[in-house]
Amino acid sequence: MTEDDKKFMARAIALSEKTSIIDSAGGVFGTVIVRDGEIIGEGANRVVAENDPTWHGEIEAIRNACKKAGSFKLPNAVLYTSAEPCPMCMAAAYWAGIERVFYASTNEDALEYGDFDDSKIYGELRKPISERSIKCVQIMQPEAVEVWKKYKNKADRVPY
């Protein structure tokens with residue numbers, strides 16, 4: 001851990017305190033994304049304020065960083081978050097191409113001090129689709145695949 005790592009994590013923790021304690025906007029979650037020693041995106045949990053279960057600090061920071069970078073990929077970027085990322089946020093970090101994640105508090109800390117419990121989600125994701133509590137039913141695959149076929153052959157398609 002470097003002095004820069006400490007500085008960036010301190011900023012993420014400060015964002016978590018502002019959003020949860022001062023603004024009462026959401027949980028104790030703040031995030032910064034850094035590339036080449038510069039913060040390119042910040043975010044804080046605003047689930048309560050926005051009535052949006054996806055408004056997590058990591059998601060907001062990734063959105064802001066991507067806008068600043070002008071790309072949906074963030075190669076060589078490092079994410080600093082005040083708490084261990086939930087499954088949605090960790091997946092978003094993978095989609096964005098984040099190189100490394102530093103986190104401060106653990107899922108166990110979030111459960112003990114804030115009653116945040118992601119264990120059900122982790123358990124559900126380990127199950128086969130047919131056994132999950134949210135029923136998933138596949139319909140109209142041939143119609144959907146027709147659009148995929150067109151997309152595959154689209155000359156100006158942007159690769160992911």
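Here the structure is a predicted model, which is why all the values come from computation and not from measurement.
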Original post:
Would you say Ile129 has more than 12 foreign heavy atoms packed within less than 6.0 Å of its CD1?
Top reply: no
Original post:
Quick one: does His56's side chain get under 4.5 Å of Pro85's, heavy atoms only?
Top reply: no
**OP:** List in chain and number order the residues that pass salt bridge (Lys or Arg N to Asp or Glu O under 4.0 Å) with Lys67, two or more places apart in sequence or in another chain; answer none if no residue qualifies.
**Re:** none
Original post:
Residues two or more places apart in sequence or in another chain: which of them pass salt bridge (Lys or Arg N to Asp or Glu O under 4.0 Å) with Arg35?
Top reply: none
**OP:** State, with a plain yes or no, whether a side-chain heavy atom of Pro87 is found less than 4.5 Å away from one of Leu125.
**Re:** yes
Original post:
What distance separates Glu50 CD from Trp55 CH2, expressed to the nearest 0.5 Å?
Top reply: 4.0 Å
Original post:
Does the side chain of Glu42 come within less than 4.5 Å of Thr31's, by heavy atoms?
Top reply: no
Original post:
In terms of ring plane angle, is the pair Phe116 and Phe29 parallel, tilted or perpendicular, where the classes change at 30° and 60°?
Top reply: perpendicular
Original post:
Among pairs that include at least one residue of residues 96-113, which meet salt bridge (Lys or Arg N to Asp or Glu O under 4.0 Å), considering only residues two or more places apart or in two chains?
Top reply: none
Original post:
Does atom NZ of Lys127 have more than 12 heavy-atom neighbours, drawn from other residues, nucleotides or ligands, at distances under 6.0 Å?
Top reply: yes
Subject >> Check: Ser20 and Asn45 side chains under 4.5 Å, non-hydrogen atoms >> reply: no
**OP:** Could you state whether Tyr113 and Val28 fall into the same hydrophobic cluster, counting links through intermediate Ile, Leu, Val, Met, Phe, Trp or Tyr residues with side-chain heavy atoms under 4.5 angstrom apart?
**Re:** no
Original post:
Just wondering, more than 12 heavy atoms not from Phe102 lying within 6.0 Å of its CZ?
Top reply: yes
**OP:** Identify the residue among Val32, Ile33, Thr2 that makes a side-chain contact (heavy atoms from CB on, under 4.5 Å) with Phe8.
**Re:** Val32
**OP:** Might you point out which heavy atoms bring Ala69 and Leu74 nearest each other, and give the distance in Å?
**Re:** CB-CD2, 4.0 Å
Subject >> Residue list, salt bridge (Lys or Arg N to Asp or Glu O under 4.0 Å) with Glu143, at least two apart or on another chain >> reply: none
**OP:** Kindly give the heavy-atom pair with the smallest separation between Val101 and Met90, and that separation in Å.
**Re:** CG2-CE, 4.0 Å
Subject >> From CD1 (Ile62) to CD1 (Ile59), nearest 0.5 Å >> reply: 5.0 Å
Subject >> Asn153 atom CG, neighbour heavy-atom count above 12 within 6.0 Å >> reply: yes
**OP:** Go through the structure and list residues passing salt bridge (Lys or Arg N to Asp or Glu O under 4.0 Å) with Asp5, not counting sequence neighbours.
**Re:** none
Subject >> From CA spacing to verdict: salt bridge (charged side-chain N to carboxylate O under 4.0 Å, His left out), Lys6, Asp4 >> reply: CA-CA 5 Å; Lys6 290 178 186 178; Asp4 279 347; over 6 Å; no
Show me the donor-acceptor pairs, under 3.5 Å and distance only, between side chains in residues 145-152 and residues at least two apart or in other chains.
residue	atom	partner	partner atom	Å
Glu146	OE2	Lys149	NZ	3.4

Subject >> NZ-OG distance between Lys18 and Ser24, expressed to the nearest 0.5 angstrom >> reply: 10.5 Å
**OP:** Please step through side-chain contact (heavy atoms from CB on, under 4.5 Å) for the pair Glu84 and Ser105, ending with a clear verdict.
**Re:** CA-CA 6 Å; Glu84 189 175 350; Ser105 61; over 6 Å; no
Original post:
Could Glu38 and Lys68 be called an ion pair, given the rule that one side-chain N must be under 4.0 Å from one carboxylate O?
Top reply: yes
Subject >> Shortest non-hydrogen separation from Gly27 to Thr19 and the atoms involved >> reply: O-CG2, 3.3 Å
**OP:** Could you tell me whether the side chain of Glu58 reaches within less than 4.5 Å of the side chain of Leu79, counting heavy atoms only?
**Re:** yes
**OP:** State, yes or no, whether a side-chain contact exists between Tyr103 and Ser82 at a heavy-atom distance under 4.5 Å.
**Re:** no
Original post:
If every non-hydrogen atom of Arg11 is compared with every non-hydrogen atom of Ile39, which pair is closest and at what distance?
Top reply: CG-CD1, 4.2 Å
